[in-house]
Amino acid sequence: MEPESVVNALMRVHKALRRDGFLLDLHPTKPFATVEAAGVSLGALDEREFMEIVAETEAGLEETVRMGLFGREASLTFDVLERFETADELVRKVDEDWLGVSVPDALARAVRAGQRPFDIREQVVLQRFRALGDTGGGVVRALRAAASE
Amino acid sequence: VASIKDPDGAEIRALERLIDFTDQRVLEVGSGEGRLTWRYAASTRSVLGIEPEAESVVVARSEVPAELAERVSFRVLGAAELDAPAQSFDVAFLAWSL
C-alpha cells in the first residue's frame with residue numbers, strides 16, 4: 001500500500017476509534033526472514049522487494065503520528081514461526097503467496113535436503129499507539145494541506 | 001498448502017502484554033480467515049473483522065466458534081473504504097494488513 005493510501009486508511013481508522021482508544025499494528029521488520037529445518041538455520045529469504053513495501057507502510061504510519069492522529073506508546077519485537085510439513089510446501093507457499101518474497105535457489109536446495117519440521121522465522125514488531133486529539137479538525141487541515149501541495 | 005502460523009503462540013503473548021482486550025469493542029483490519037481473531041476474541045465485547053478478500057471472509061464466517069458467534073462478525077471491506085460510525089471502537093488492530 002502506498003504511503004498516501006496508508007494515511008487515508010489510518011484516518012478512517014482514527015475516526016472510528018473513540019478518543020484515547022488504541023491502535024495496534026503488527027508487521028514484519030528487518031532482518032530478513034530465515035528458513036530453518038529441524039531447528040537449524042539454512043539461510044534467508046530474499047525479501048528486498050517486500051521490505052520496500054514495509055518501508056512505505058511505515059512511512060504512512062509515521063505520517064499519521066506527525067499529523068497528530070496517533071501517539072506511539074509501546075513497541076515489542078519478537079519472532080513468529082510458520083511451520084510446514086514438507087520442504088516443497090514451504091517453497092511453493094512463498095513463491096505463490098508471499099508478495100515481494102522469493103526463495104533463493106541455493107536455499108531451496110538446502111531446504112529440500114533438510115529434515116522436518118520446516119519453519120520460516122520472521123521478525124515482527126507490534127506497536128501500540130493512542131488515538132489523539134479531535135476526530136475532525138486536525139484531519140481536515142492535514143487533508144487540505146496535502147491537497148494544496 | 002497446509003502450514004501452521006505461529007505454533008508457539010508468540011503473537012497472542014505479545015498482544016496480551018500490550019493490550020487488555022477485556023470488554024473492548026475491537027476493529028480488526030485485515031482479519032483474513034480469522035486465525036488471530038479466535039485467539040483474543042473471547043474476552044472482548046465485540047469484534048468486527050474487515051478483510052478485502054471475499055473468499056477469506058467466507059472461510060472466517062464458516063469457522064466462527066459457537067461461543068464467539070454473538071460477538072464476532074466479518075465484512076468484506078478494505079481499510080481505505082472503512083465507513084464505521086465515529087468513535088465506535090475502543091481498539092483497532094492492524095494484523096499484517098497495511
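A note on names: the letters A, B, ... follow the listed sequences, proteins ahead of strands, and every chain is numbered from 1.
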If you draw a 6.0 Å radius around CZ in A/Arg48, do more than 12 non-hydrogen atoms from other residues or ligands fall strictly inside? no
With chain A, which of B/Ala84, B/Gly9, B/Ala14 has the greatest number of heavy-atom pairs at distances under 4.5 Å? B/Ala14
Heavy-atom distance under 4.5 Å between the side chains of A/Arg128 and B/Arg17, does that happen here? no
Heavy atoms from other residues, nucleotides or ligands near CD of B/Glu63 exceed 12 (cutoff 6.0 Å): yes
Let's test your reading of the structure: which of B/Gly78, B/Gly30, B/Ser88 forms the most heavy-atom pairs below 4.5 Å with chain A? B/Ser88
What is the minimum heavy-atom distance between A/Val13 and B/Val29, and which atoms define it? CG2-CG2, 4.3 Å
Under a single-linkage definition using a 4.5 Å side-chain heavy-atom cutoff for Ile, Leu, Val, Met, Phe, Trp and Tyr, are A/Val6 and A/Val65 assigned to the same hydrophobic cluster? yes
Supply the atom-to-atom distance A/Leu24 CG to B/Leu27 CG, rounded to the nearest 0.5 angstrom. 11.0 Å
Heavy-atom side-chain proximity of B/Leu94 to A/Leu10 below 4.5 angstrom: yes
Specify which of A/Phe118, A/Phe129, A/Phe78 makes the most heavy-atom pairs with chain B at under 4.5 Å. A/Phe78
Examine whether an atom of B/Glu81 lies under 4.5 Å from a heavy atom of chain A, and if so say whether it belongs to the side chain, the backbone or both; otherwise answer neither. backbone
Can you tell me which portion of A/Asp79 sits under 4.5 Å from chain B's heavy atoms? Options are side chain, backbone, both or neither. backbone
For B/Asp83, is the CG atom crowded, meaning more than 12 foreign heavy atoms sit under 6.0 Å from it? yes
Can you name the nearest heavy-atom pair linking A/Ala9 to B/Ala80, along with the distance? CB-N, 4.0 Å
Please tell me whether A/Val125 and A/Val54 are part of a single hydrophobic cluster in this structure, the criterion being side-chain heavy atoms less than 4.5 Å apart. no
Measure distances from B/Arg13 to the heavy atoms of chain A and classify the residue's part below 4.5 Å as side chain, backbone, both or neither. neither
Whatever's closer than 4.5 Å to a heavy atom in chain A on B/Asp8 counts as side chain
Determine the minimum heavy-atom distance between B/Leu82 and A/Arg12, stating which atoms define it. O-NH1, 2.9 Å
Rounded to the nearest 0.5 Å, what separation is found between the CZ atom of A/Arg83 and the CD1 atom of B/Ile4? 7.5 Å
Please find the pair of heavy atoms, one from B/Ala92 and one from A/Leu17, that lie closest to each other, and give the distance. N-CD2, 3.6 Å
Option that, when pairs with chain B are counted at under 4.5 Å, heavy atom only, ranks first among A/Ala131, A/Ser75, A/Ala16: A/Ala16
Engaged part of A/Glu122 at the chain B interface, taking heavy atoms whose separation is under 4.5 Å: side chain
Rounding to 0.5 Å, atoms CG (A/Leu23) and CZ (B/Phe89) come to a distance of 13.0 Å
